[in-house]
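Worksheet for the structure shown next.
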Amino acid sequence: MSASKVKQLIQRLEDKERRGLAKAITFVENQEAGVAELMNHAYRNMNDHALVIGVTGPGGAGKSTLVDKVIKHCRRRGHKVGVIAVDPSSPYTGGAFLGDRIRMGAHNTDLDVFIRSFGSRGSMGGISQGTKRCLYLFKNYDFDLIIIESLGIGQDETEITNFVDVTVVTVVPGYGDAIQIAKAGMQEIADIFVVNKADKPEAEEFYLQMANSLHLIPEELRPIMVKTVATTEDGIPELLEVIEKVGLKQRSKRRAKAEIRIKAEIETEVFNLIRSRLAGLIEDKAMAAFSGQATPFEISAEIAGRINIA
Amino acid sequence: MTKKIRVLIGKCGCDIHERGALTMLNVLRDNGMEVIYTGRFQSEAGMVNAAINEDVDVITLSDLTGSLVIICRKVLEELKKRGAEDIPVICGGLLTKDDIAELEKMGVKGCFATGSPPQGTVDLIRQLAPSN
Ligand SMILES: Nc1nc2c(ncn2[C@@H]2O[C@H](COP(=O)(O)OP(=O)(O)OP(=O)(O)O)[C@@H](O)[C@H]2O)c(=O)[nH]1
Ligand SMILES: [Mg+2]
């Protein structure tokens with residue numbers, strides 16, 4: 001049953017059928033039996049065509065509105081666009097309100113725009129393992145541009161930079177000052193720094209503050225700043241120009257990024273596997289510590305000792 | 001395997017009322033579902049394209065202008081056009097008895113008039129979502 005389901009999905013990916021992509025994403029996200037076969041196929045057959053952009057930043061900064069306008073301008077040039085839009089899942093119920101599409105409603109009828117919403121599904125940072133895998137599925141299609149919108153700042157977001165060519169960090173006046181931005185590590189991951197909501201009166205001062213603090217970074221590493229008003233499309237043509245320029249430069253770093261990414265991916269996969277294999281044993285042994293037969297440290301050492309690496 | 005139920009909540013046409021959709025959004029999320037909201041003023045074709053790309057288990061249409069019969073008919077037509085008539089459609093909002101009879105006849109899987117307890121919708125969605 002599931003073996004034929006995988007074969008079917010692989011066929012649909014090969015036919016570049018859009019609903020097949022939608023089904024394959026669900027299959028990967030739900031970790032259905034046979035997902036390894038599907039992913040192996042998707043990885044071997046992905047193409048290098050699309051420019052991949054990550055858009056990240058704090059909640060409500062205007063990321064979705066910005067993505068909506070970027071899509072609009074790219075469609076004018078005839079580019080096909082895929083979007084991965086991540087919103088947080090509730091840690092309590094696992095449910096999620098996926099609302100990024102609301103800002104992108106103008107493209108609902110456009111068959112050359114494929115927007116898919118993802119819940120963060122229990123991942124530590126902004127984006128789940130399943131979502132990252134789905135990027136490989138997107139790369140089996142003929143998108144010219146793939147955009148990943150994820151909520152967040154710092155931590156896990158540093159990892160997403162290795163999955164994309166260009167990282168756009170979106171900030172807004174009122175979020176905090178340069179110190180907050182620096183603490184969150186945002187300028188370390190940004191290739192492009194968008195100050196959105198430039199229509200706000202305090203935007204100019206915020207922009208100058210940002211520019212000042214970015215000046216401490218050596219010029220060749222310094223993110224490029226762009227001022228935008230996503231709602232009115234002010235600054236969007238400029239942003240696209242910068243994306244194109246940075247994209248050209250970043251594409252040459254693809255090999256180096258892939259090396260870091262592949263290592264991180266293997267590490268995550270292996271640790272997940274070990275974690276699921278050992279879960280039962282840890283549960284059992286924990287009782288021994290609980291009843292005072294051994295200390296947690298003795299038990300940890302004993303379990304770790306069982307992993308034999310030749 | 002960790003199956004999650006995915007639901008699209010959509011509003012077609014010129015209805016400004018959003019309370020019903022937003023209420024259901026919260027209820028479904030609190031019941032562990034992933035709920036995708038299209039926002040207001042969408043077209044039926046756009047709704048169906050979104051539902052296909054999001055691979056939802058159920059489409060839920062909300063409307064308080066008395067247009068659900070028209071909206072649902074168009075959505076079902078669009079689904080057929082795209083070969084996606086396997087996605088079940090349910091609706092909620094301003095509904096007369098006649099509306100409900102007509103909607104059920106055309107193949108809408110559930111109708112919830114204003115004032116229906118939300119749990120009914122939750123249960124129906126669980127029932128309609130394919131288990132694998
Ligand atoms: N004044 C002003 N408002 C904006 C601008 N860009 C976006 N907004 C508004 O900001 C709000 C949030 O916009 P979104 O695009 O949903 O922001 P987001 O960063 O995607 O939000 P999350 O995905 O929830 O983190 C909306 O009400 C937008 O209309 C802007 O340039 N100026
Ligand atoms: Mg958003």
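Below, each value reflects all heavy atoms present in this structure, side chains not excepted, and no hydrogens, waters or symmetry copies. Sequence lines set the chain letters: A, B, ... in the order given, protein chains first and strands last, and positions in each chain run from 1.
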Considering only heavy atoms and a distance below 4.5 Å, find which of B:Gly39, B:Gly46, B:Ser43 pairs most often with chain A. B:Gly46

Name the option with the most non-hydrogen atom pairs under 4.5 Å to chain A; the candidates are B:Val48, B:Ile52, B:Ile5.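 With the most close heavy-atom pairs to chain A, the winner is B:Ile52.
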
[atom1]/[X] to [atom2]/[Y] distance, rounded to the nearest 0.5 angstrom?
X        : Y        : atom1 : atom2 : value
A:Ile147 : A:Lys63  : CD1   : NZ    : 14.0 Å
A:Lys23  : A:Gln8   : NZ    : CD    : 10.0 Å
A:Ile84  : A:Asp100 : CD1   : CG    : 12.5 Å
B:Leu28  : B:Glu34  : CG    : CD    : 12.0 Å

Could you give all pairs that pass the side chain to side chain donor-acceptor pair (under 3.5 Å) test and reach residues 100-118 of chain B, with sequence neighbours left out? B:Arg73-B:Glu102

Without hydrogens or angle criteria, can the side chains of A:Thr26 and A:Arg116 be said to hold a donor-acceptor pair below 3.5 Å? yes

Does a donor on one side chain sit under 3.5 Å from an acceptor on the other, for B:Asp63 and B:Thr65? yes

What option among A:Ser90, A:Ala96, A:Ala22 has the most heavy-atom pairs under 4.5 Å with chain B? A:Ala96

Indicate yes or no: at least one non-hydrogen side-chain atom of [X] is less than 4.5 angstrom from one of [Y].
X        : Y       : answer
A:Leu137 : A:Phe27 : no
A:Asn196 : A:Thr65 : no
B:Arg126 : B:Met33 : yes

If one checks every heavy atom of A:Val28 against chain B at 4.5 Å, the contacting part turns out to be neither

Given heavy-atom pairs under 4.5 angstrom as the criterion, report whether the side chain, backbone, both or neither of A:Arg121 touches chain B.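 Contact with chain B is through the side chain of A:Arg121 alone.
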
Side chain, backbone, both or neither: which part of [X] has a heavy atom under 4.5 Å from chain A?
X       : value
B:Ile36 : both
B:Gln42 : side chain
B:Arg6  : side chain

Counting only non-hydrogen atoms closer than 4.5 Å, can you tell me which residues of residues 67-78 of chain A sit against chain B? none

